[in-house]
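All chains are named by letter (A, B, ...) in the order of the sequence lines, taking the proteins before the strands, and each is independently numbered beginning at 1.
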Number of protein chains: 2
Amino acid sequence: MADEPPSSLRRALALLDALASDDAVAQGGWGVNRLAAHQGRDKSQVSRTLRILADAGYVERDAESMTYRIGWHVFALAARAADQRLLAAGAPIIRRLVEKDLGERIHLSVLQGNEVLTLLTETPPHAVQTVAWAGRLVPAHNTSSGRALLIDLERDELDRLFAGVRFDVGGPNAPRNIEDLNQRIVLARRRGYATVDEEFEPGLVAAAAPVRDFRGEVIAALNVSAPKFRLGARLPFAGQQIKAAADELSTQLGWDGLRHRSLAARSAVPA
Amino acid sequence: MADEPPSSLRRALALLDALASDDAVAQGGWGVNRLAAHQGRDKSQVSRTLRILADAGYVERDAESMTYRIGWHVFALAARAADQRLLAAGAPIIRRLVEKDLGERIHLSVLQGNEVLTLLTETPPHAVQTVAWAGRLVPAHNTSSGRALLIDLERDELDRLFAGVRFDVGGPNAPRNIEDLNQRIVLARRRGYATVDEEFEPGLVAAAAPVRDFRGEVIAALNVSAPKFRLGARLPFAGQQIKAAADELSTQLGWDGLRHRSLAARSAVPA
DNA sequence: TAGCGGGTTGCATTTTGTGCACCCCCTATT
DNA sequence: AATAGGGGGTGCACAAAATGCAACCCGCTA
């Protein structure tokens, strides 16, 4: 890191960082003086800079306490760029998984209804291929990607999603009904990754883990699949590798590792 | 909205907005020239500003295409910007509304000036959804979410908020002026939920109810929207469902069902 | 009433951002 | 091999914006 010359823009951005600091968040935002002290700047210019940031929606002010916090506009930016970033940040992670960690085929996919749409694929000898938005759909219930994507869903939500879906397709070990599927999802939830063993196709095993965005929502899944004779024995290891990579990708999307939906549901409201 | 005087900071932030635009995202990011043209600025300064933003992590550059896109830092900030309680408690409720109660698209949104910013969107599984609404701004006066968010405002406050806003956009039944809007808000206030019938778009109906925090202040709105031929007949029912869910969410945020805005004004201090 | 914490504004100063011209690099085209 | 054009970066003189100090407003309280 070369020592960056200061600039007004850099100083303005530093204000955002300060407002996103643990202390500032914990205290429900900071006022002009506190912020100026923290940044070692004069309060006047901090006041003026904040007004510009507030006009643009990057910060907002609590009317009563006069404190500033990060504004909704930042949220809007992130939400709109999330998909783009998923692909951009996913590609190198997938490449690394293929080349170094696992040496088997890796996919990045999203949920489309009750099916799984693959966005990125990389096979050991080849390069990353971006499958266009009209890629092939596979079922969600008998694939590891699918179960990773469903990992936060409760039983009743599964009922609704899979109402009318036929479970009599796929490999020999595919789930036979929704309850069966639910139990396998519960297992995946406990372990943090999903596995399938000859469910989608005979002779094929796979592991997958969910990718979460900055809201904690599951938005995609990373998965590895390979012939059972090659990957079968080390499937748990592969699952952990995939989970680690998925968490890394989630982190790059702003996930802080705390907001699980399953947790959010029951932890009501701390001060 | 008064014309804000330009400032270098404002111009820098505008670059971020441009990078989050539909076009830029769809094209995998924009290069310096394209950005400069879009902003009507000289490419030299755009280049320099982007370097600062890149150093700070607010944008990042694709090594091959040389295009910039929104960077990890924005996602990190967004994780803070999202009101954790609102989103954490809101997600499961929205999910339930989609899966069980209504089976149509549900949004959670907040007021941003006189527009509505959508934070969470949940789509029923059968519908093909390509447009991501999260992070998008829509008008407040001709949407049900907007009217739910404005439900506590008095006539004079509406005058101030919508001064200078053009009412000649939207669907066939959109309010034609502020008085018209006010009457529809009064109706929503009496019923506890707002509805629109082909106001925002032809063929679209929607219902929304306000979410209140512990002070009784309206901080968000839950809303359902669907094609008229599907939801039109049971719109009042949907409105009541939405209201029940919004009240439940409000309760989880500490609302006791009694406090209203008049009281909230003087009950100051948040913890 | 004076003092204090917190915030904003006026204004002279100067740092910064700006735009122009120019240069680099790559790749089609002739 | 020469050339044109797209995309991106840099040097420099100039104008504009940020800066910091002091003054001021406001509400609170000792």
Side-chain angles (χ1 to χ4, degrees), chain A residues 2-19 21 23-24 26-56 58-71 88, chain B residues 2-19 21 23-24 26-56 58-71 265-271:
Chain A
D3 45 340
E4 311 295 351
S7 75
S8 62
L9 176 53
R10 241 180 274 267
R11 285 187 282 269
L13 298 179
L15 290 180
L16 292 178
D17 289 346
L19 286 178
S21 70
D23 284 350
Q27 294 167 32
W30 275 351
V32 170
N33 272 307
R34 204 174 314 229
L35 215 34
H38 182 265
Q39 297 286 302
R41 309 219 282 138
D42 191 273
K43 59 180 180 168
S44 67
Q45 196 57 21
V46 170
S47 169
R48 288 188 268 243
T49 302
L50 283 172
R51 186 184 308 151
I52 296 175
L53 289 171
D55 283 344
Y58 283 74
V59 301
E60 53 194 17
R61 190 166 213 176
D62 188 286
E64 293 162 19
S65 67
M66 294 285 275
T67 60
Y68 284 97
R69 45 197 148 89
I70 299 296
Chain B
D3 282 351
E4 309 297 350
S7 75
S8 61
L9 176 52
R10 242 180 274 265
R11 283 187 284 268
L13 298 179
L15 290 180
L16 293 178
D17 289 345
L19 284 179
S21 71
D23 286 348
Q27 294 167 30
W30 274 352
V32 170
N33 274 310
R34 210 175 311 245
L35 262 175
H38 182 266
Q39 297 287 303
R41 308 218 285 139
D42 191 275
K43 59 182 177 164
S44 66
Q45 195 57 21
V46 170
S47 169
R48 288 186 267 245
T49 302
L50 283 172
R51 188 183 308 148
I52 297 175
L53 289 171
D55 283 345
Y58 283 75
V59 302
E60 54 194 16
R61 190 165 214 179
D62 188 284
E64 294 165 20
S65 67
M66 295 286 275
T67 59
Y68 284 98
R69 59 185 122 75
I70 299 296
R266 52 190 122 96
S267 86
V269 195

**Report entry** Gap between atoms CG and P, on B/Leu35 and D/dG7 respectively (whole Å)
**Finding:** 12 Å
Report task. For B/Leu50 and D/dT10, give me the distance from atom CG to atom P, rounded to whole Å. Result -> 13 Å
Listed pairs, N/O of protein and of nucleotides 20-25 of chain C, under 3.5 Å:
from	atom 1	to	atom 2	distance (Å)
C/dC20	N4	B/Ser44	OG	3.4

Report summary line: B/Asp62 CG to D/dG7 P, in whole Å, measures 16 Å
Report summary line: Residues B/Ser21 and B/Trp30: closest non-hydrogen pair is OG-CH2, 3.9 Å
I'd like a table of atom pairs between the protein and nucleotides 13-17 of chain C - only N or O on both sides, under 3.5 Å - with the distance next to each one.
from	atom 1	to	atom 2	distance (Å)
C/dG17	OP1	A/Ser8	OG	3.2

Query raised in the report: Closest heavy-atom contact between A/Ala12 and A/Thr49?
Result: CB-CG2, 3.7 Å
Requested in this report: Nearest 0.5 Å please: distance from the CZ atom of B/Arg34 over to the CG atom of B/Leu19.
Outcome: 11.5 Å
Requested in this report: Using only side-chain N and O atoms of A/Asn33, determine if any of them is under 4.0 Å from OP1 or OP2 of C/dG7.
Outcome: yes
Query raised in the report: Hey, is the side chain of A/Arg61 poking within less than 4.0 Å of OP1 or OP2 on C/dT8, counting only N and O atoms?
Result: yes
Report summary line: note: B/Met66, atom CE; C/dT27, atom C1'; distance rounded to Å ~ 15 Å
Report summary line: So CG of B/Asp55 and CZ of A/Arg10: to nearest 0.5 Å the spacing works out to 5.0 Å
Report summary line: Here the pair of heavy atoms bringing A/Ile70 nearest to A/Leu16 is CD1-O, 3.5 Å
Requested in this report: Return the minimal non-hydrogen interatomic distance between B/Leu13 and A/Ala56, and the atom names on each side.
Outcome: CD1-CB, 3.7 Å
**Report entry** Point-to-point distance, once rounded to the nearest 0.5 Å, from CZ of A/Arg61 to CG of A/Leu53
**Finding:** 12.0 Å
Query raised in the report: For A/Ala36 and A/Lys43, which heavy atoms make the closest approach, and how far apart are they?
Result: CB-CA, 3.6 Å
**Report entry** Spacing of A/Arg51 atom CZ relative to D/dT19 atom P, expressed in whole Å
**Finding:** 14 Å
Requested in this report: Report the distance from atom CG of B/Leu13 to atom P of D/dA18, rounded to the nearest whole Å.
Outcome: 11 Å
Query - Which atom of A/Gly31 lies closest to which atom of A/Thr67, heavy atoms considered - result: N-CG2, 3.9 Å
